[in-house]
Number of protein chains: 2
Amino acid sequence: MERFEEYLQAKGKRITQPRRILVEHVFSKHEHFDADALIEELAQRDAGPKRVSRPTVYRTLNELVEAGLLRKMDIGGRAVYEHDYGYPDHDHLYCTQCGKLSEFHSEELIRLRDAVGREQGFRVTGHKFIVNGTCQECQRKTRRQKRKVDLI
Amino acid sequence: MERFEEYLQAKGKRITQPRRILVEHVFSKHEHFDADALIEELAQRDAGPKRVSRPTVYRTLNELVEAGLLRKMDIGGRAVYEHDYGYPDHDHLYCTQCGKLSEFHSEELIRLRDAVGREQGFRVTGHKFIVNGTCQECQRKTRRQKRKVDLI
DNA sequence: TTGTGTGCAAACACTTTGCACCCGT
DNA sequence: ACGGGTGCAAAGTGTTTGCACACAA
């Protein structure tokens, strides 16, 4: 929050109640989320007059990304956000059954990435690496499912 | 094309003129493209009665993906397609200045990916790796730009 | 002839924008 | 009081869908 206030002041922007509510909520948890989830959570948390509107959620999320506090990813054509500030670089495992994202970090990946860039005369500024597959939990479910089918 | 006919027949689907036109066009070039580009190209190529409509383009692209002939990627929230059939696995360098995609292949990346999956009990089925940065051409442009500015 | 495919227009999901009013500074 | 911020509704994108007609099998 202090970090965001700093950013806002530097940009001559204002510290308003909707921004405060949103930022506080976003940084009270550490999960990945999308705009819709956030809008809904804010809606049931603060109904009535102090609710934060849909456009303001989108506007503030963009500001948080610009401020370097959130990282925005596109997963299946929809924007997903995660904490960026004070959070180590990492990549993602995406379970295509349940949609869960988990994280991992690999220095080797960075080395590989930079080596590829160098070879191609490409100035690397970042990357996106998503490993698709099935998480442990869904593998278990699928196995149970299969057993049932096998009994028929 | 033969491959697609095979797929269509297997699914009890029909080989129609729009599908033929689209497939022929898509596989006459080897670049990355999005739905809009394809729609426009088809429009100026075959105007009038034998033009392919927007919905049909989207429907057929989805079929081609299902048939394993095209690969679909999301880049910045928009779908981009590339040939898949008989095309080696590869990943992408994405120039954030001009939007150009180039390709590279790395066995090491696959090994790394599978190792990460194994460590986390994740059954890996695929991945998406996009390296962002500036391509050689845009680096040159930027340098020219900078020189001009320096002279002021 | 049968039922899939097509074009059209409209619906869709997600995100952004125009505008009158509100509120931090 | 000023100028940016907000909510509302409406406009944008990119993509999908309902429907009546067209056409491949």
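Naming convention: chains lettered A, B, ... in sequence-line order (proteins, then strands); numbering from 1 in each chain. Just so it is clear, the model here is predicted, and its values are computed rather than measured.
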**Prompt:** For B:Val80 and A:Thr60, take the nucleotide of DNA chain D holding the closest heavy atom to each; which residue's nucleotide lies nearer the 5' end?
**Reply:** A:Thr60

**Item:** Nearest-angstrom distance from the residue atom NZ of B:Lys50 to P of D:dC23
**Value:** 15 Å

**Request:** Could you tell me whether a side-chain N or O of B:Gln136 sits under 3.5 Å from a main-chain N or O of A:Arg123, the two making a donor and an acceptor?
**Result:** no

**Item:** Check: A:Gly133 main-chain N/O paired with A:Thr96 side-chain donor or acceptor under 3.5 Å
**Value:** yes

Close N or O pairs between protein and nucleotides 8-12 of chain D (under 3.5 Å):
unit_1: D:dC8; atom_1: OP2; unit_2: A:Arg51; atom_2: NH1; d: 2.7

**Asked** Between C:dG5 atom C1' and B:Lys11 atom NZ, what is the distance in whole Å?
**Response** 16 Å

**side chain to side chain contact (heavy atoms under 4.5 Å, CB included) between A:Arg20 and A:Ile15, worked out** = CA-CA 7 Å; A:Arg20 227 191 309 261; A:Ile15 300 157; 3.5 Å; yes

**Item:** Interatomic distance, A:Arg78 CZ vs C:dC12 P [rounded to whole Å]
**Value:** 16 Å

**Prompt:** Going by atom types only, do A:His25 and A:Asp46 share a side-chain donor-acceptor pair under 3.5 Å?
**Reply:** no

**Asked** To the nearest angstrom, how far is B:Leu38 atom CG from D:dG14 atom C1'?
**Response** 14 Å

**Asked** Just checking B:Asp36: base, sugar-phosphate only, or nothing, at a heavy-atom cut-off of under 4.0 Å?
**Response** sugar-phosphate

**Message:** Do B:His105 and B:Glu103 pair up side chain to side chain, a donor and an acceptor below 3.5 Å, judged on atom types alone?
**Reply:** no

**Message:** Could you work out, with ring-ring contact (aromatic ring centres under 6.0 Å, His included) as the rule, every residue matching B:Phe27, not counting sequence neighbours?
**Reply:** B:His83

**Asked** Looking only at heavy atoms, what is the nearest atom pair of A:Val52 and A:Ile21, with distance?
**Response** CG2-CG2, 4.2 Å

**Request:** Compare side-chain N and O positions of B:Tyr58 against OP1 and OP2 of D:dT15 and report whether any pair is under 4.0 Å apart.
**Result:** yes

**Prompt:** Given A:Glu82, which of A:Lys72, A:His90, A:His30 fulfils the side chain to side chain donor-acceptor pair (under 3.5 Å) condition?
**Reply:** A:His90

**Message:** Does anything in residues 12-24 of chain B come within less than 4.0 Å of DNA chain C? Heavy atoms only, and list the residues if so.
**Reply:** B:Lys13, B:Arg14, B:Thr16, B:Pro18, B:Arg19

**Message:** Please report the distance, rounded to the nearest Å, between CD1 in B:Ile39 and C1' in D:dT16.
**Reply:** 12 Å

**Request:** Report the distance from atom CD of B:Gln9 to atom C1' of C:dT4, rounded to the nearest whole Å.
**Result:** 14 Å

**Message:** Taking CD in A:Gln97 as the centre, count heavy atoms belonging to other residues, nucleotides or ligands within less than 6.0 Å. Is the count above 12?
**Reply:** yes

**Asked** In whole angstroms, how far is the P atom of D:dA24 from the CZ atom of B:Phe4?
**Response** 15 Å

**First encountered from the 5' end of DNA chain D, between B:Lys72 and A:Arg54** = A:Arg54

**Prompt:** Which part of the nucleic acid, if any, lies within reach of B:Asp74 when heavy atoms closer than 4.0 Å are counted: base, sugar-phosphate only, or nothing?
**Reply:** nothing

**Asked** Are A:Asn62 and C:dT15 close enough that a side-chain N or O sits under 4.0 Å from OP1 or OP2?
**Response** no

**Asked** In whole angstroms, how far is the P atom of C:dT16 from the CD atom of A:Glu63?
**Response** 12 Å

